Each structure stands twice: as C-alpha cells, then as structure tokens.
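To start, the structure itself, in structure tokens.
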2 protein chains.
Amino acid sequence: MADVAAEAHVSVKTVSRVVNHEPGVRPDTAERVRAVIERLGFRRHDGARLMRQGRTFTIALVVEDLANPFYSQVGAAVEREARIRQHQLITASAEGSPSRERAVIEALVGRRVDGIVVVPADESASSDAVLEASHTPIVYMDRPVRGTPRDTILSDNHGGIRSAVEHLVAHGHRNIAFYGDDPAFWTARQRRDAFVTTQQSLGLPASPRVSMGPHTPVSVHETLSQWTTGPEPITAVITGNNRITLAALLALRELRLPLSLVGYDDFELAALIDPPVTVVHQDPAAMGQKAAQQLFARLLGDESQAQTVVMPTRLIVRASGIRRGTPTR
Amino acid sequence: MADVAAEAHVSVKTVSRVVNHEPGVRPDTAERVRAVIERLGFRRHDGARLMRQGRTFTIALVVEDLANPFYSQVGAAVEREARIRQHQLITASAEGSPSRERAVIEALVGRRVDGIVVVPADESASSDAVLEASHTPIVYMDRPVRGTPRDTILSDNHGGIRSAVEHLVAHGHRNIAFYGDDPAFWTARQRRDAFVTTQQSLGLPASPRVSMGPHTPVSVHETLSQWTTGPEPITAVITGNNRITLAALLALRELRLPLSLVGYDDFELAALIDPPVTVVHQDPAAMGQKAAQQLFARLLGDESQAQTVVMPTRLIVRASGIRRGTPTR
DNA sequence: CGGTGGTCAGACAACGCTGTCATGCCCGCA
DNA sequence: TGCGGGCATGACAGCGTTGTCTGACCACCG
C-alpha cells in the first residue's frame with residue numbers, strides 16, 4: 001500500500017480510501033490510484049485489515065469427522081450461511097477425542113474466530129471453559145453440554161424413535177429389537193431411552209430386546225439369531241444410527257431373515273436397497289443452517305438467553321417397515 | 001499482553017518470550033508471568049502473531065459442493081494433513097460456478113492463505129491469473145486447467161473405464177452402453193473417450209451407445225428401453241459417475257431389466273443393493289492427501305517443475321457386472 | 001475583504017505481536 | 001581493580017491496515 005501511495009503520489013490513507021470505496025476522493029485521484037494498483041498488482045491484506053478492526057469475519061465448525069455424510073451436510077450448510085454473510089469457514093475434525101477437541105478449539109480461539117459451531121465430543125466439554133473466558137460465541141449441535149447454558153441445536157431423538165416404534169406397532173409388530181450405539185454417546189442413550197419408554201407406553205411386552213455398544217455386523221448377527229429363535233421371537237428391528245443400520249442389513253441378509261427394519265438417519269440409496277429401508281430422517285442441512293443462523297444472531301448482538309432448539313425428525317416409510325413377516329426376496 | 005506485562009512488572013517482550021517458550025527467561029520470572037496470564041485469562045492473538053511473521057498457517061480447499069461424498073472425503077483428508085502440520089483449513093464451495101470460484105479465491109488470496117487446493121469449476125480457470133499474481137501455491141485436483149502448468153492430481157479415468165469395459169467383455173458382453181455426465185466436464189469427456197477407444201481396441205461393434213448430458217432417471221429410462229429393444233440389444237451398462245449410477249439403478253429397476261452394470265465411483269452401501277453394484281473405485285481420500293502433501297511440499301520451498309499425478313483406480317467386482325443376462329430378481 | 005463552510009488529502013497512532021539490538025548486571029579471572 | 005563474557009531483560013520499530021484529527025485550499029457570502 002505504501003508502494004502504491006508513493007507511485008501515485010498520494011498518502012497510504014488515500015489508497016486505503018480508494019480500495020475501500022470510501023467517499024472523499026476526487027475521481028481523477030481515485031482513477032490514478034486504481035491504475036497504480038492494477039499495475040503493481042496490489043491486493044489489500046485482509047489479515048491486517050481485520051486485525052485493525054478487531055473482527056476476523058471467520059467462523060469455525062468442529063465436528064467428529066468431516067467425511068461422515070451427516071457432518072459433511074452440516075458443514076455444507078454452515079459454509080453456505082457463512083458465505084452469504086461474507087464470512088469464511090474453518091472446519092476442523094476432533095475425531096471424537098475430547099482432548100483433540102480442546103486443542104482445536106484453543107487454536108480457533110487463538111485466531112479469534114468470531115464464533116464456533118461445535119458437535120461436542122463429550123458432555124463435560126472441557127473446552128467450554130476456554131470459550132467462557134474468551135467470550136467467543138458458540139452453538140452446540142446434536143448433543144448438549146453440561147454447565148453454562150448455551151445455544152444448542154438438537155434433533156428430536158425421542159420423537160424420531162417413537163415414530164419408528166409406532167409405525168412398526170401399527171403394522172402389527174409387538175416384538176421389536178433395538179440396536180443402539182455406544183451409550184457413551186448422549187444421542188445413543190436418548191434413543192435407547194425413547195425406545196424403552198415408548199414400548200412401555202404402548203403396552204408392549206416388558207424386557208425389551210436392547211443391545212447397545214459399538215456394533216459390527218458380527219455383533220448384530222449374534223444377538224439377532226438368538227432373539228429370532230427363542231420364545232416370543234422378534235419380528236422387527238430398529239437401529240440407532242447409520243452405521244448400525246448398515247451392520248443390521250448385512251446381518252439380516254446373511255441370516256436370510258425376513259424382519260422389518262427401521263433405521264435412524266436417512267442415507268443415500270436407502271430407497272434402492274431391497275427391501276427399501278424405512279428410516280427416521282433427521283435433516284443435517286437444516287440443523288447446520290439453524291446453528292449457523294443462531295450463531296450469526298449472536299454475532300449481531302443478540303443477547304437473549306441461551307436457547308435449545310429441537311429439530312423435528314420425519315419418518316420416511318419405505319417397504320422395509322411394512323412387509324411384516326414376509327420374506328423380502 | 002501489555003496488561004500482563006504491567007501486572008507482572010516485566011516488558012511485553014518478556015511476556016512474549018514466556019508465551020512462546022523462548023529461552024532466556026529466569027524460571028521465577030516466567031512463573032510470575034504465567035501466573036498473571038492465568039489470572040487475567042490472557043491468550044495470544046494469533047492473527048497479530050501470524051501477520052508479524054508473514055504467514056497464516058492456513059490453507060484452503062475450494063470444491064463444488066462440500067456435501068458431495070467425493071468432496072467431503074477429499075476435505076477430510078486435506079484437513080487431516082493440515083492439522084498434522086499445525087495449519088488450519090478453510091473450506092469453500094464454489095457451487096460449480098466459475099465466477100463464484102473466482103470470488104472465493106480472491107477472498108482467500110486477500111487473506112493470504114499459504115496455499116490452495118482447488119477442484120476447478122472450468123478448464124479456463126479465470127482465477128488462475130489472481131493466483132499467478134499473488135504467488136499463492138496452488139494444487140488442482142480431479143480436473144486439469146489450461147495455461148500455466150500447475151501441480152495437478154488426477155484420477156486415472158481412462159484406466160478406470162478400460163477396466164470396466166474389459167471386465168464386462170471378459171464376461172461375454174459385446175453390446176455395452178455408456179451414460180456419461182455433461183460433456184462440459186473434463187472428467188465426463190475423458191471417460192466417454194476412454195469408453196469409445198477401449199471398445200475400438202477390443203474390436204467391439206462400432207456405433208457405440210453413448211449418452212451424455214445431465215442425466216435423470218427418466219432420461220436414462222428412455223434411451224435404455226430403446227437400446228434394449230432394437231437390433232443388437234445391449235446387455236450391459238457403464239455409468240460415468242455416482243449420480244448417474246443411481247439414475248440407472250432406478251431406471252433398471254423400473255424396467256425390470258436384467259442388465260449388468262458397472263458404475264464409476266464407489267458408494268456406501270453399493271454392496272447392499274440387489275444385485276451388488278460393481279464399481280470403478282477412485283480414492284478421494286488418497287487424492288486429497290496427495291494434493292495436500294504436494295501443496296505442503298511447495299510451502300516448504302520445493303521449486304521443482306509442476307507435476308501431474310494420476311492416481312490409480314480399482315475395479316471392485318460385485319455381482320452386478322457378472323451375472324450376465326440373468327434376471328436379478 | 002474577512003469569515004464560514006465544504007471538499008480533499010495527509011500525518012499519526014494504534015491494532016497485538018515479534019525480531020533486533022541495546023542495556024545492565026553479575027561472575028570469574030588476571 | 002579492571003575487564004571480558006554470558007545471561008536476563010527491555011526499548012523500539014515494524015508487520016499492513018484504518019480511525020481520528022488536522023490542515024490546505026477553494027468558493028461563497030455579507
């Protein structure tokens with residue numbers, strides 16, 4: 001900028017004015033400056049600019065794994081909201097590790113990002129203290145965090161599971177198994193609990209078949225063959241997330257079992273699997289958008305109390321949930 | 001930092017030394033400074049620091065759409081490489097628009113990101129001039145760009161398609177159709193050309209059935225019903241990407257046609273579709289990693305000539321490509 | 001002709017940090 | 001006692017901008 005100023009025989013301030021389209025520059029002066037800028041290939045250094053202004057026009061998204069379709073859809077939505085508002089998005093993966101999450105967030109706070117959307121790795125959110133001290137606005141997503149109340153965007157896990165159970169019961173199922181993820185995850189517990197209470201409220205047989213923990217096709221296979229052969233054999237399965245749905249599909253195919261299945265999370269091509277898989281659809285793009293919007297509201301000075309938004313889920317009925325007891329192939 | 005210095009009765013420089021673990025500070029002084037830092041909740045402002053140092057420790061990734069699994073896997077891989085090297089990753093979607101891509105890249109250059117990985121929206125890459133002037137290292141991915149030679153990471157489209165054709169021919173197919181994407185895309189043209197030349201080299205009948213352009217299930221449906229009923233009916237289909245594979249699967253299902261299918265791009269659950277879909281697998285994570293590594297090599301001062309790396313593809317054989325002519329349901 | 005007000009432009013400091021160099025002190029040694 | 005050398009620390013400038021304030025110049029008016 002100093003070079004441009006010297007070359008155009010003006011002060012740096014005038015160059016600044018031209019670059020930022022500020023008023024108070026005679027057209028011919030501005031034109032001269034622009035010509036020099038063009039000739040020298042000058043480009044404003046936004047880092048310096050933003051430092052001067054105390055804002056970075058940058059927000060960050062911290063998730064477990066960007067390659068996971070759920071998070072990548074969230075990421076696309078957040079990036080979109082950011083772009084609309086002239087902000088950049090920094091994305092970071094914590095790989096499910098609280099310590100890495102903390103490190104990542106410290107780095108982001110060190111860069112003075114204007115705000116952060118986080119899918120927290122654990123409920124105690126040790127990183128929260130960092131954010132508290134730095135006053136960086138934050139929105140939690142998908143999972144809540146203990147401690148200071150924060151804006152949080154959740155999915156209606158309870159409603160989603162209830163709709164799945166009700167759907168199956170409406171089609172005559174009474175013995176339903178639930179495969180959930182590791183109960184260390186808040187969402188896994190939520191869905192499990194929803195399953196149990198819904199069963200109770202619908203007056204289904206007690207001692208529900210519930211299997212938690214990280215699941216593999218093999219682990220599903222084992223319990224499945226057990227629960228289908230004993231007394232009161234199950235006729236339907238509900239899976240607690242994407243990966244487990246996949247494991248269950250493989251196990252069902254292997255066992256050639258004609259069970260009904262409702263999966264949590266929609267996935268590409270769910271309609272093409274035979275039978276097409278009925279799913280509880282949560283809308284990651286909508287969640288990401290909502291989270292970003294909430295964050296930007298804070299950035300614009302919204303000082304109202306932290307709020308928790310629960311986003312609705314939707315049951316997408318495909319064949320897998322209704323062909324009760326009939327072989328699918 | 002000035003506050004900390006005053007409070008600890010030292011100079012800002014000493015605080016700086018403590019914060020950065022520089023030598024030459026007496027342990028008791030350092031301890032005193034650390035205590036004040038803790039008490040005041042001071043945190044180094046990395047923006048200022050990096051500005052002083054002239055680097056941003058930030059790289060950027062510009063793609064079409066972050067929610068697309070291909071790109072999100074690339075993104076995860078690039079982010080990983082960046083994190084390992086203490087860099088942050090800014091991701092941006094250009095949504096396939098050259099003008100938006102240009103705007104995005106200008107913003108990134110304005111922020112002085114250290115380097116950029118781009119999946120270019122078009123071959124003329126108007127944004128290239130910007131990068132040229134700013135000397136920002138860049139690596140192009142998936143598609144090459146005309147003009148100044150640049151580091152470019154491509155996938156072996158030709159080899160991938162050839163393996164698909166050879167696989168089908170080995171199983172007795174002689175009349176194969178190819179559905180490609182809009183020929184405006186370089187990759188689409190590559191794959192189409194590979195299909196045509198491979199057919200020729202294998203001595204298959206001329207006048208290959210090739211259908212390009214954005215495809216919908218309906219558009220595939222139309223040509224498909226035509227090509228299967230005329231003389232020399234086709235017995236197999238090769239699809240040029242993810243979305244077209246999906247369209248073709250829907251069309252095949254609708255028409256209840258027992259054709260063999262080989263799709264380009266692997267996708268989650270390809271194994272679960274009936275019949276399991278044989279695919280040409282390109283490895284987005286490996287491509288992203290390679291691109292990032294190449295970029296960082298440049299950042300570390302590698303001045304060698306720009307190089308183009310072609311990443312191998314792999315044919316994943318599943319049932320869809322081998323059950324020649326036998327109905328699948 | 002002096003005063004007033006508007007327009008255009010520049011000087012300067014500051015944003016928060018770090019690289020460079022200078023300073024002061026203490027120690028050991030002749 | 002004087003001096004060289006190492007160590008701990010500080011002063012200062014500068015990274016590339018922009019906000020604030022000041023000033024030069026001109027036109028207009030009474």
Side-chain angles (χ1 to χ4, degrees), chain A residues 1-37 40-58 86 88 106-114 133-136, chain B residues 1-34 36-37 40-58 86 106-114 133-136:
Chain A
M1 201 174 240
D3 292 354
V4 173
E7 197 82 2
H9 305 292
V10 294
S11 72
V12 287
K13 179 63 206 185
T14 297
V15 177
S16 170
R17 276 193 265 258
V18 171
V19 168
N20 298 302
H21 307 104
E22 281 174 39
V25 182
R26 270 215 319 271
D28 57 330
T29 311
E31 193 41 60
R32 199 170 73 238
V33 172
R34 268 193 293 272
V36 176
I37 287 176
L40 266 51
F42 165 79
R43 185 173 297 275
R44 184 180 62 196
H45 188 309
D46 283 318
R49 165 169 222 246
L50 298 173
M51 162 170 166
R52 185 64 235 266
Q53 312 201 131
R55 296 205 32 198
T56 56
F57 277 80
T58 306
Q86 327 274 15
Q88 306 268 211
E106 297 212 319
L108 293 169
V109 169
R111 294 204 170 202
R112 302 292 193 273
V113 294
D114 294 335
S134 67
H135 301 116
T136 307
Chain B
M1 200 173 240
D3 293 353
V4 174
E7 197 82 1
H9 304 292
V10 295
S11 71
V12 286
K13 180 64 205 183
T14 297
V15 179
S16 169
R17 277 193 265 259
V18 172
V19 168
N20 298 303
H21 306 106
E22 281 174 38
V25 180
R26 272 215 319 271
D28 56 332
T29 312
E31 195 41 61
R32 201 171 69 238
V33 171
R34 267 193 293 273
V36 176
I37 285 176
L40 267 50
F42 166 80
R43 184 173 297 276
R44 185 181 62 197
H45 188 309
D46 284 316
R49 165 170 222 247
L50 298 173
M51 165 170 164
R52 183 69 233 265
Q53 312 201 130
R55 295 205 33 198
T56 56
F57 277 81
T58 305
Q86 327 275 12
E106 297 213 320
L108 294 168
V109 169
R111 295 205 169 200
R112 303 293 193 272
V113 295
D114 294 336
S134 67
H135 302 115
T136 307

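Bear in mind that the values here come from a model prediction, so they are computed numbers and not experimental data. Chain letters run A, B, ... following the sequence lines, proteins first, then strands; residues in each count from 1.
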Given C:dA11, is OP1 or OP2 found less than 4.0 Å from the side-chain N or O atoms of A:S11?
-> no

Rounded to whole angstrom units, what separation is found between the CZ atom of A:R55 and the C1' atom of D:dG19?
-> 17 Å

Could you check how far CD of B:Q53 sits from P of C:dT18, rounded to whole Å?
-> 7 Å

Main-chain N/O of A:A8 paired to A:R32 side chain as donor or acceptor, under 3.5 Å | yes

From the options D:dG19, C:dA9, D:dA13, select the nucleotide whose nearest atom is closest to the side chain of B:R52.
-> D:dA13

Identify whether any heavy atom of B:N20 sits under 4.0 Å from a base atom; if not, whether one sits that close to sugar-phosphate; answer base, sugar-phosphate or nothing.
-> sugar-phosphate

Relative to the 5' end of DNA chain D, which residue comes earlier, B:V12 or B:R32, by the nucleotide with the nearest heavy atom?
-> B:R32

Base, sugar-phosphate alone, or nothing: which one does A:R44 contact when heavy atoms must sit under 4.0 Å apart?
-> sugar-phosphate

A:S16 side chain near D:dT18 phosphate (N/O to OP1/OP2, under 4.0 Å) | yes

Assign A:R43 to base, sugar-phosphate, or nothing according to its heavy-atom contacts below 4.0 angstrom with the strands shown.
-> sugar-phosphate

Look at the side chain of A:K13 and decide which nucleotide, out of C:dG10, D:dT17, C:dC17, has an atom nearest to it.
-> C:dG10

Between atom CE in A:M1 and atom P in D:dG19, what is the gap in whole Å?
-> 11 Å

Value in whole Å for how far the P atom of D:dG14 lies from CE of B:M51 = 13 Å

Atom pair distance, as rounded to whole Å: NE2 in B:H45 and C1' in C:dT18 | 14 Å

Look at the side-chain N and O atoms of A:R49 and state whether any lies under 4.0 Å from the OP1 or OP2 oxygen of D:dT18.
-> yes

How would you label the contact of A:R112 with the nucleic acid (heavy atoms, under 4.0 Å): base, sugar-phosphate, or nothing?
-> nothing

Determine the contact category for A:V19: base if any of its heavy atoms lies under 4.0 Å from a base atom, sugar-phosphate if only primed atoms, P, OP1 or OP2 are that close, otherwise nothing.
-> nothing

Does A:T14 place a side-chain N or O at less than 4.0 Å from the phosphate oxygens OP1/OP2 of C:dC8?
-> no

